[in-house]
Protein chains: 2
Amino acid sequence: MPASERKKREYVQREDLIIHTARKLLLDMGYLDLNMDRIAEVTEYSKGTIYQHFSCKEEILVAMLSESAEKAGKFLLRGSDMKGKPRERMAAMAVGYDLFVGLNPDHFKAQLLVQNESIMRKASPVLQRKLEGCNQRNMHIVSGVLRDAVAEGHVKLKEGVTAEEVTFGLWTGALGAYVLMSSEVNLNALGVTDPRKAVWDNMHALLDGFGWRPLSKELDYEQTRGRILKEVFPQESAQMGMA
Amino acid sequence: MPASERKKREYVQREDLIIHTARKLLLDMGYLDLNMDRIAEVTEYSKGTIYQHFSCKEEILVAMLSESAEKAGKFLLRGSDMKGKPRERMAAMAVGYDLFVGLNPDHFKAQLLVQNESIMRKASPVLQRKLEGCNQRNMHIVSGVLRDAVAEGHVKLKEGVTAEEVTFGLWTGALGAYVLMSSEVNLNALGVTDPRKAVWDNMHALLDGFGWRPLSKELDYEQTRGRILKEVFPQESAQMGMA
DNA sequence: CCAAAAAATTGACGATTAGTCAATTTCTGT
DNA sequence: ACAGAAATTGACTAATCGTCAATTTTTTGG
């Protein structure tokens with residue numbers, strides 16, 4: 001790595017360029033056609049220089065995913081900072097995540113691949129741990145809101161159930177759903193015409209099931225959703241045409 | 001394809017051999033080290049013969065996944081055939097699926113990859129459609145039980161919510177969870193010590209949230225689970241050491 | 001400002017592996 | 001037994017990963 005400050009800045013900048021190029025290529029052509037020669041060509045650096053930054057193709061994927069996981073974290077954080085009851089804040093995080101996914105269609109394409117151990121294993125331990133850190137932080141943001149709800153007496157978890165396990169449920173529901181949406185599975189043929197709405201509905205059913213007040217029959221979460229879009233994510237929801 | 005009956009049988013048998021070899025290699029060495037030369041070597045056929053059956057590496061993956069999706073369907077079916085209330089039958093399907101995943105650890109490794117459009121796209125339309133058919137059938141088995149519950153008045157879905165959307169929720173929860181479990185994500189570090197139990201708990205919370213009777217506070221589903229293991233999947237649960 | 005050393009950059013190269021196809025072997029019907 | 005069809009083979013081409021010796025650029029010290 002370069003020593004001088006200016007060099008270091010340029011180095012970081014180039015790293016960004018590589019990641020963003022790879023992201024674009026992944027989205028345009030898919031994993032199998034994403035290759036180092038092309039990345040070198042598009043970034044206008046040589047292959048050797050690319051390898052100065054990343055030890056292999058898969059490492060770029062992990063870096064890419066880390067970056068977008070961090071971005072997702074910002075959306076979650078903004079959701080969790082909303083003024084309101086914990087369950088409304090949870091809803092805001094769901095809306096935020098949904099917006100994040102819509103605005104970063106490459107995220108789940110990368111996630112799907114990086115989830116594969118044989119691909120993940122090729123990345124350096126440093127980047128592996130960085131990504132794990134992101135996931136951990138993001139999960140913590142979500143479980144924090146749940147813990148607030150417990151502390152304020154809005155929900156009482158059964159004996160032996162932890163906030164992390166419930167958060168895991170929220171995470172897996174979202175993960176599975178967005179994975180399916182970003183893949184080639186024909187949800188329409190399966191009778192799921194509006195998967196994003198289904199995710200929203202199912203999340204509320206899950207939270208209702210845990211007895212997290214106010215239950216969806218006690219509060220109109222559709223209205224809350226409108227408020228979240230307007231107050232927390234005005235710019236993003238406009239960008240997604242959800243005004 | 002061969003004309004005579006015996007030849008045809010042998011052809012199918014060899015196709016199985018190829019799939020099973022690929023399955024084993026995928027599990028042992030991961031996707032990146034799964035290669036056609038190795039498959040040819042292990043099956044003791046030449047590469048050309050392998051390509052007689054499958055147009056590319058990815059096609060083998062899709063065939064592999066189709067096969068195990070069919071197998072999963074059998075577990076679901078057995079669960080849905082259990083004597084009892086629809087919600088117990090749903091629980092039986094969840095237990096069955098969990099057993100299936102435990103007994104077929106390669107399934108989600110393949111699923112993860114095949115979910116990726118760039119990999120899926122390389123397979124032939126025939127196999128693509130076959131897999132889609134499996135998914136459709138499996139989803140239909142699950143939503144069928146839900147429809148039974150609706151018909152018998154055990155649950156009333158809200159206006160605008162279909163059985164398919166709820167099934168989608170069950171599916172995505174399970175998919176996301178097993179994907180994470182079969183990947184390198186360190187769930188323990190995230191505070192999830194028993195993800196399989198979490199999946200079970202979260203499913204019940206979801207069904208409770210939809211108001212599907214009997215609710216988990218009205219019936220001891222732990223006991224139901226014991227009965228399912230004993231009555232529906234005695235052999236498999238013993239094999240998994242869940243007696 | 002210059003020269004020597006250090007650092008960064010390059011792309012040709014070796015190695016691996018996907019997929020093809022002409023040559024060979026095996027099978028089938030008469 | 002034999003001709004022709006079908007199946008099988010593995011050497012070959014092409015693509016692409018990752019390396020590294022040669023080259024260019026930058027920095028340093030006088």
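In this text, all values refer to a predicted model and were calculated from it rather than measured experimentally. Each chain gets a letter, A, B and so on, in the order its sequence line appears, and its residues count up from 1.
- Residue-level contact check: A:Leu34 touches the backbone only, with heavy atoms under 4.0 Å from sugar-phosphate atoms and none from bases.
- Between the OH atom of B:Tyr11 and the P atom of D:dA7 there is a distance of 9 Å, rounded to whole Å.
- Taking atom CE of A:Met36 as the reference point, atom P of C:dT10 lies 14 Å away to the nearest angstrom.
- Atom-to-atom, CG of A:Asp37 to P of D:dG18 comes out at 11 Å; the value is rounded to the nearest Å.
- In this entry the distance linking OH of B:Tyr45 with C1' of C:dT26 reads 13 Å, nearest Å.
- In this structure, the nucleotide among D:dC17, C:dA18, C:dT10 sitting nearest to the side chain of A:Ser46 is C:dT10.
- Look at OH on B:Tyr51: it is 16 Å from P on D:dG10, rounded to the nearest Å.
- Taking a cutoff of 4.0 Å between a charged side-chain nitrogen and a carboxylate oxygen, A:Lys47 and A:Glu41 do not qualify as a salt bridge.
- Here the side chain of B:Cys56 is nearest to one of D:dT9, C:dT9, C:dG19, namely C:dG19.
- Using modelled atom types, no side-chain atom of B:Gln111 and backbone atom of B:Val179 make a donor-acceptor pair closer than 3.5 Å.
- Of the side-chain N and O atoms in B:Lys122, one or more sit less than 4.0 angstrom from OP1 or OP2 of C:dG19.
- Side-chain N/O atoms of B:Lys7 include none lying less than 4.0 angstrom from OP1 or OP2 on D:dA5.
- Applying the 6.0 Å contact sphere to NZ of B:Lys197 captures more than 12 heavy atoms from other residues, nucleotides or ligands.
- Of the candidates D:dT8, C:dG19, D:dC17, the closest approach to any side-chain atom of B:Gln52 belongs to D:dT8.
- Crowding of A:His140 atom NE2: a count of heavy atoms from other residues, nucleotides or ligands under 6.0 Å not exceeding 12.
- Rounded to whole Å, the distance from CG on A:Leu32 to P on C:dT17 is 16 Å.
- Each of B:Arg6 and B:Lys47 was assigned the nucleotide of DNA chain C with the nearest heavy atom; the assignment lying further toward the 5' end belongs to B:Lys47.
- Protein atom NE2 of B:His53 is 7 Å distant from nucleotide atom P of D:dT8, rounded to whole Å.
- The distance from atom CD of B:Gln13 to atom P of D:dA7 is 16 Å, rounded to the nearest whole Å.
- In this structure, the nucleotide among D:dT16, D:dT19, C:dT17 sitting nearest to the side chain of B:Asn35 is C:dT17.
- The side chain of B:Lys57 approaches C:dA18 more closely than any other nucleotide in the set C:dT9, C:dA18, D:dG18.
- Considering all non-hydrogen atoms of both residues, B:Gly79 and B:Phe233 come closest at N-CZ, 4.0 Å.
- Residue B:Arg38 is out of contact with every strand shown, counting any heavy-atom pair closer than 4.0 Å.
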